[in-house]
Asks: 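Sharing a structure below in structure tokens format, with a few things to ask.
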2 protein chains.
Amino acid sequence: MAADPLSRVFAALADPTRRDMVARLTVADATVGELAEPYDVSVQAVSKHLRVLEDAGLVSRSRDAQRRPVHLEAEVFDLMTKWIERYRRQAEERYRRLDDVLRSMPDDSPPTAAPPEGGTPS
Amino acid sequence: MAADPLSRVFAALADPTRRDMVARLTVADATVGELAEPYDVSVQAVSKHLRVLEDAGLVSRSRDAQRRPVHLEAEVFDLMTKWIERYRRQAEERYRRLDDVLRSMPDDSPPTAAPPEGGTPS
DNA sequence: CCTCTCGTCAACCAACCGGTTGAAAAAGAG
DNA sequence: CTCTTTTTCAACCGGTTGGTTGACGAGAGG
């Protein structure tokens, strides 16, 4: 597993079960068994999901006797938010510029054509 | 392909090549060939990536002779942003409440223990 | 000690993913 | 009609994923 952090976070949240676990962990920490209870898959499967979330940095685990309470680490969300917002803004900026270009071009001047500077005059 | 929209968007952006394509499409629309040029993979592979992005609703394609210009659809970003922000806020709210609880509990009252009501007195 | 609970590790399986190559479709250009 | 460009379709391949079952380790508790 050599993917970059951003890819790991996106991949971790691409699974609805894992997204649901994250959603529930925003309410309270939980043990593996507690987390597994609502889904009809084995506890081992949930344990695997938790590993994916942990590798993505979305979750951390401590220790309490045999139990391993799972805790949400919300900071990683920022990584995604930053990426998304950056390109969302860039896209919006692009559309704004496109509007300007269209507004400043009421005639049929061909796009990407040479500007109207006189070449070597005869 | 029966995954929910949110899963598709997250999965689509879990790949660095696809994220880079999205990033470049915020600058300008591009054809498949133009998009493929910077990466040293086949054009077919890029075509597959574009299909994933299209299925996720991140991208749309029109037609210009044999070319298929690719256009970024930034609205789907909102889907992710909403999900992320919702649970981020919820998590922050949770921590805030936890702080309150800790602040209102300066003594050593055991957590989750029975309230100090006298049991059946002897 | 034995036993029970909680969780992980290991092996396996079908399905999917990202990549390849080769062929074909779609449309302009000679 | 033929040739070239652009893109997609089809088949294939190795690696990963999400799931299973079975065994195991770590602790509480009789």
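The figures here come from the full heavy-atom set of this structure, side chains too, leaving out hydrogens, waters and symmetry mates. Per chain, numbering begins at 1; letters A, B, ... match sequence-line order.
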Asks: Kindly point out which of dT20(D), dA27(C), dT7(D) is positioned nearest to the side chain of Gln66(B)?
Replies: dA27(C)

Asks: Among dT8(C), dG7(C), dG19(D), which nucleotide sits nearest the side chain of Lys48(A)?
Replies: dG19(D)

Asks: Do NZ/NE/NH1/NH2 and the carboxylate oxygens of Arg51(A) and Glu54(A) come within less than 4.0 Å?
Replies: no

Asks: Select base, sugar-phosphate, or nothing to describe what Thr17(A) touches, counting heavy atoms under 4.0 Å on all strands.
Replies: nothing

Asks: Rounded to whole Å, how long is the line connecting atom CG of Asp40(A) with atom P of dG18(D)?
Replies: 17 Å

Asks: Do any side-chain nitrogens or oxygens of Arg63(B) fall under 4.0 Å of OP1 or OP2 in dA26(C)?
Replies: no

Asks: dT8(D) C1' sits how many Å from Asp55(B) CG, rounded?
Replies: 14 Å

Asks: If you measure from the Lys or Arg side-chain nitrogens to the Asp or Glu carboxylate oxygens, is any gap between Glu93(A) and Arg96(A) under 4.0 Å?
Replies: yes

Asks: Grab the CZ-C1' distance between Phe10(B) and dT17(D) for me, whole Å please.
Replies: 18 Å

Asks: When the distance from CZ of Arg51(B) to P of dG18(C) is rounded to whole Å, what number comes out?
Replies: 13 Å

Asks: Does a side-chain N or O of Arg18(B) approach OP1 or OP2 of dG18(C) to a distance below 4.0 Å, or not?
Replies: yes

Asks: Could you check which of dT20(C), dG7(C), dT8(D) has an atom nearest any side-chain atom of Arg68(B)?
Replies: dT8(D)

Asks: Would you kindly give the OH-to-P distance between Tyr39(A) and dG18(D), to the nearest whole Å?
Replies: 14 Å

Asks: Between His49(B) and dC17(C), is there a side-chain N or O to OP1/OP2 distance below 4.0 Å?
Replies: no

Asks: Rounded to whole Å, please give me the gap between CZ in Arg67(B) and C1' in dT5(D).
Replies: 8 Å

Asks: How many angstroms lie between CG in Asp20(A) and OH in Tyr39(A), if you round to the nearest 0.5 Å?
Replies: 3.5 Å

Asks: Is the phosphate of dG19(C) approached by Ser42(B) (side-chain N or O, under 4.0 Å from OP1 or OP2)?
Replies: no

Asks: Check the distance between dG18(D)'s P and Leu13(A)'s CG and give it to me in whole angstrom.
Replies: 12 Å

Asks: Would you mind telling me which residue lines up with the more 5' stretch of DNA chain D, Glu34(B) or Ala45(A), judged by nearest nucleotide?
Replies: Glu34(B)

Asks: Quick one: is dT7(D) close enough that its OP1 or OP2 comes under 4.0 Å of any side-chain N or O from Ser47(B)?
Replies: no

Asks: Would you mind reading off the distance between Arg61(B) atom CZ and dA26(C) atom P, rounded to a whole angstrom?
Replies: 15 Å

Asks: Side chains of Arg86(B) and Thr26(A): is there a donor and an acceptor less than 3.5 Å apart?
Replies: no

Asks: Would you say the side chain of Gln44(B) and the base of dG22(C) hold a donor-acceptor pair, judged only by whether the two atoms sit under 3.5 Å apart?
Replies: yes

Asks: I'd like to know if the side chain of Arg68(A) reaches the main chain of Thr31(A), judged simply by a donor and an acceptor atom lying under 3.5 Å from each other, with no hydrogens or angles considered.
Replies: no

